[in-house]
Amino acid sequence: MFAEIKRKIRNAERINKDEALELFNTDEIHELGELADEVSRSFNSNRVYFIVNRHINPTNICVNRCKFCAFSRSKGEEGAYELSIDDIIAQIKEAHNTIGYISEVHIVSGLHPEWQFEYYLEMISKIKREFPSIGIKAFTAVEIDYFAKKSGLTIEQTLMKLKEAGLDIMPGGGAEIFNPEVRNRICPEKISGKRWLEIIRTAHRLGIKTNATMLYGHVETFEDRVDHLMKLRELQDETGGFLAFIPLSYQPENTDIKVPYPSGIDDLKTIAVSRIVLDNIPHIKAYWIMLGEKLAQLALLYGADCLEGTVIEEKIAHSAGARSKKGNTIEELIHLIREAGKIPVERDSFYNVVRLW
Ligand code: V47
């Protein structure tokens, strides 16, 4: 099957849209996985990365109501919460004390109608001051756009201020699916895909590395997924600023898009096709929170080379019915990686090696 595509990949030739679509439509899942694993090995040998990190969501109060989101609340609504900077510092300290150290915090929030940009700057600079060795991965392109609008600054100025305050890299959230028709159905109030790409382009130009995501398994088609991947590949050709790509498997509970969870086959296919198409992005994450630990482990043989991390407390996917644990220990991550026949590599935010296990 797909002999010509195989030949191209083995000769390090780029595959086109039609070929990517053919891969999504194939039933030859093992062959697809084998091919993606070959590509993964060409990037990262037999290594699989993880990080000792904590996810922090300072607030779930959000002015947008994305149809796939079960996390957001309006101000005053039951379940709405706001963390102070002291609360955030306390969460990091607790993680630090429990594990002994933390290499990264991952911070994303709702679009809070009242918080000012200065609050976020203070948040980042206080974290950096208190924990200078911790990498700060914070704020999606959607939040950056919102901060810029609220503060009257340009995107460039907003990003520069955050960088000066201590922001190291940006997560890949908010990309969802770029196709405007699908985007309009699933998150009509969110910035466009074009705007998301522009903001990320600016971040890369300013030397801020980012990740990229794709939310799949709701109402999009394989064509939409391919289009999304191609747009990321094009931007990466231009900037080289993406560190990792993370396909996000749709979690449907408590949301307005009532569809079944993506199947395991769909999850593995999406990881594999992403690895093959994104021939210029060094890392593909199997986000165990959304895939579940066991399927994420299998994804390590289907093109993924990173498991994200310890996470400690996950809220976004678990509000929508994620069936995984909310956090994991270093030992469990290492066990998953070793049992897949791979070498566990503990990393920092920039994929520098912290420790080979
Ligand atoms: O932007 C929201 C998605 C994202 C649902 O960059 C949902 O390293 C599935 O982006 N089902 C946040 N997904 C998570 C994210 C992320 C996670 C881990 C690592 C990194 C990284 C980024 O979650 C949101 C949105 O696209 N999301 N609701 C849902 N029901």
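One-based numbering, in listed order, for ligands and for the atoms of each. For clarity, every value in this text was computed on a predicted model and none was experimentally measured.
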Go ahead and list the nitrogen or oxygen contacts between ligand 1 and the protein that come in under 3.5 Å, distances to 0.1 Å, or just say none.
unit_1: ligand 1; atom_1: 1 (O); unit_2: G174; atom_2: N; d: 2.9
unit_1: ligand 1; atom_1: 6 (O); unit_2: G172; atom_2: N; d: 2.8
unit_1: ligand 1; atom_1: 6 (O); unit_2: N211; atom_2: ND2; d: 3.2
unit_1: ligand 1; atom_1: 8 (O); unit_2: K137; atom_2: NZ; d: 2.7
unit_1: ligand 1; atom_1: 8 (O); unit_2: N211; atom_2: ND2; d: 2.9
unit_1: ligand 1; atom_1: 8 (O); unit_2: K285; atom_2: NZ; d: 2.6
unit_1: ligand 1; atom_1: 11 (N); unit_2: Q251; atom_2: N; d: 2.9
unit_1: ligand 1; atom_1: 26 (O); unit_2: E176; atom_2: OE1; d: 2.5
unit_1: ligand 1; atom_1: 26 (O); unit_2: E176; atom_2: OE2; d: 3.3
unit_1: ligand 1; atom_1: 28 (N); unit_2: F68; atom_2: O; d: 3.4
unit_1: ligand 1; atom_1: 30 (N); unit_2: F68; atom_2: O; d: 2.8
unit_1: ligand 1; atom_1: 30 (N); unit_2: Q251; atom_2: O; d: 2.8

Cationic tip of R347 above Y351 ring, under 6.0 Å, 45° of axis = yes
query = Any side-chain hydrogen bond (donor to acceptor under 3.5 Å, both in side chains) pairs touching residues 140-149, not counting sequence neighbours?
reply = T140-E143, D145-K149, D145-R195
Residues in side chain to side chain contact (heavy atoms under 4.5 Å, CB included) contact with Q297, at least two apart in sequence or another chain = L336, E339, A340
inquiry  = With ring pair (Phe, Tyr, Trp, His ring centres under 6.0 Å) as the rule and sequence neighbours excluded, what pairs involving residues 223-244 come up?
reply    = F178-H228, H204-F242
key: Side-chain donor/acceptor of N46 to backbone N/O of G341, under 3.5 Å   = yes
query = Checking N16 side chain against D18 main chain: does a donor-acceptor pair fall under 3.5 Å?
reply = yes
